[in-house]
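The basis for the numbers below is simple: all heavy atoms, side chains too, and nothing from hydrogens, waters or symmetry mates. Since the structure is predicted, the reported quantities are computational estimates derived from the model, not experimental observations.
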Amino acid sequence: MLTCLENPEKDVVDYEKHYRKKYTPILGQIMTPIEFHKFSTEIFQKRLSRIEFLLKSSSSVLEIGSSTGHFLQLIKDKVSDCTGIELDKKFAEFSKKKLNLNIYEKPLEKIDFEGKKFDIIFMFQVFEHIPKPLELLELCKKILKPKGKIYVEVPNLDDALLSIYSISEFQKFYFRAPHVYYYNKNTLFKIMKKSGFNGKVRTIQEYSVYNHVNWIQNKIPQMDQKIGYSSLKWNLQNWGFTRYPPPPQNFIKQKKWKNGLKDSIMNIKNR
């Protein structure tokens, strides 16, 4: 059984008024399409390294929820052709006019591809927004080639901050509209299998242990997504952890965590 919000079909994404103001990679900052594109391109470099083995020079690719086209731009020279679907009109226009990408601005069920079929369909952090996931997967099967593939990335309902630490503030942050369904490894596998897809489901931890420390100690998200992804490395000069990339100068709380971790390491060492 899938986990969902109450009456999920009521949670319609409103890109023009609310969505981009409420949900942004940098807290409190509404980003223009060009700002969002630049920010997201750096993040997607990691994702590219995960999926690059799926791409061939002859591949025809469709991305559902292509945003500002940052992913398609990264792979367009590695494949035969790229197509995107993006319902945010500003992001779609940016992708078409600035990046010269082939982008549709309406839902999959309303698009006529005129017989075109794809080798692979990508959905990054999109599938959880779909109110009728089985219907979407059926549509995907119709436009995939006989040996076509689908790659779906979703937030994990078994995230340690939910399943182990049970931090109520993180729960409020995590369970939010317009996310309508939530998946773990088991339910994602089952829904894909029910739709006739065969494959594997694996988990990836993109956010660092530092992000966990932040939620446990401060009960709030970090300032931006890149900070959340940043890693900790052992620093021999001060016998403590240093974060790479380093935090902004005005992010005082981060310095406290570093000192706290350093004290803990020193205590262990003294034992």
Which heavy atom of Ser59 sits nearest a heavy atom of Leu54, and at what distance?
OG-O, 4.3 Å

With the side chain counted from C-beta on, respond yes when Ile150 and Met192 share a heavy-atom pair under 4.5 Å apart, and no when they do not.
yes

From CA spacing to verdict: side chain to side chain contact (heavy atoms under 4.5 Å, CB included), Glu63, Ile75
CA-CA 11 Å; Glu63 183 184 9; Ile75 68 167; over 6 Å; no

Determine the minimum heavy-atom distance between Asp159 and Leu161, stating which atoms define it.
OD1-N, 2.8 Å

Just do the side chain to side chain contact (heavy atoms under 4.5 Å, CB included) check on Lys190 and Asn186 with the steps written out, would you?
CA-CA 6 Å; Lys190 285 185 176 179; Asn186 183 44; 3.5 Å; yes

Are more than 12 heavy atoms, taken from residues, nucleotides or ligands other than Asp158, located less than 6.0 Å from that residue's CG atom?
yes

Lys38 atom NZ, over 12 foreign heavy atoms within 6.0 Å
no

Atom OH of Tyr207 and atom CD of Gln222: how far apart are they, to the nearest 0.5 Å?
9.0 Å

Where is the tightest heavy-atom contact between Ala160 and His212, given as atom of each residue plus distance?
CB-NE2, 4.0 Å

Measure the shortest side-chain to side-chain distance between Leu144 and Phe197 over non-hydrogen atoms and say whether it is less than 4.5 angstrom.
yes

Compute whether any side-chain donor of one residue and acceptor of the other, for Ser60 and Lys145, lie under 3.5 angstrom apart.
no

Residues Glu206 and Arg50 bridged, charged N to O under 4.0 Å
yes

Side chains of Glu109 and Lys132: closer than 4.5 Å at any heavy-atom pair?
no

Does any part of the side chain of Phe127, heavy atoms only, come nearer than 4.5 Å to the side chain of Leu136, both counted from C-beta?
yes

Is it true that Lys96 and Glu93 have a side-chain N and a carboxylate O under 4.0 angstrom from each other?
yes

Could you give the distance from CZ (Phe170) to CG (Asn214), rounded to the nearest 0.5 Å?
11.0 Å

Side-chain contact, heavy-atom cut-off 4.5 Å: Leu157 with Phe175?
yes

Would a distance-only check, ignoring hydrogens and angles, find a side-chain to backbone donor-acceptor pair under 3.5 Å from Lys141 to Ser195?
yes

Determine yes or no for a side-chain-to-main-chain donor-acceptor pair under 3.5 angstrom, with Ser95 supplying the side chain and Thr68 the backbone.
yes

When rounded to the nearest 0.5 Å, the distance separating CD1 of Ile64 from CG of Leu108 is 5.0 Å

Mind running side chain to side chain contact (heavy atoms under 4.5 Å, CB included) on Leu72 and Leu99 for me, showing each step along the way?
CA-CA 9 Å; Leu72 294 180; Leu99 306 179; over 6 Å; no

Mark yes when over 12 heavy atoms from residues, nucleotides or ligands other than Lys56 sit less than 6.0 Å from its NZ; otherwise mark no.
no

For Val154 and Tyr181: C-alpha separation, side-chain torsions, deciding distance, then whether side chain to side chain contact (heavy atoms under 4.5 Å, CB included) applies.
CA-CA 10 Å; Val154 292; Tyr181 286 104; over 6 Å; no

Looking only at atom types and distance, does a side-chain atom of Gln29 sit under 3.5 Å from a main-chain N or O of Met31, one as donor and one as acceptor?
no

Please work out whether the ring planes of Phe91 and Phe36 are parallel, tilted or perpendicular, with thresholds of 30° and 60°.
tilted

Should the ring pair Phe124 and Phe122 be called parallel, tilted or perpendicular, given that the plane angle runs from 0 to 90° and is split at 30 and 60?
parallel

Looking only at heavy atoms, the pair that brings Phe189 and Gly199 closest together is CE1-O, 3.7 Å

What's the separation between atom NZ in Lys185 and atom NZ in Lys200, rounded to the nearest 0.5 Å?
10.5 Å

Distance from Leu137 atom CG to Lys193 atom NZ, nearest 0.5 Å?
15.0 Å

For the pair Glu153 (side chain) and Gln125 (backbone), establish whether a donor and an acceptor sit closer than 3.5 Å, ignoring hydrogens and angles.
no

Hey, are Lys172 and Glu169 close enough for a salt bridge, meaning a charged N less than 4.0 Å from a carboxylate O?
no

Test item: Ile111 and Ile143 side chains (from C-beta on) under 4.5 Å apart, heavy atoms:
no

Minimum heavy-atom distance Glu114-Asp112, with the two atoms named
N-OD1, 2.9 Å

More than 12 heavy atoms of other groups within 6.0 Å of Leu134 CG:
yes

Shortest non-hydrogen separation from Glu86 to Ser66 and the atoms involved
OE1-N, 3.4 Å

Does a side-chain heavy-atom distance below 4.5 Å link Lys149 with Asp119?
no

Within-4.5 Å side-chain heavy-atom neighbours: Leu162 and Tyr182
no

Would a distance-only check, ignoring hydrogens and angles, find a side-chain to backbone donor-acceptor pair under 3.5 Å from Asn218 to Ile220?
no

Please report the interatomic distance OG1(Thr32) to NE2(His37), rounded to the nearest 0.5 Å.
11.5 Å

What is the ring orientation for His129 with His179, classed by angle as parallel under 30°, tilted 30 to 60°, or perpendicular over 60°?
perpendicular

From Phe44, Phe39, Phe94, residue fulfilling ring-ring contact (aromatic ring centres under 6.0 Å, His included) relative to His70:
Phe44

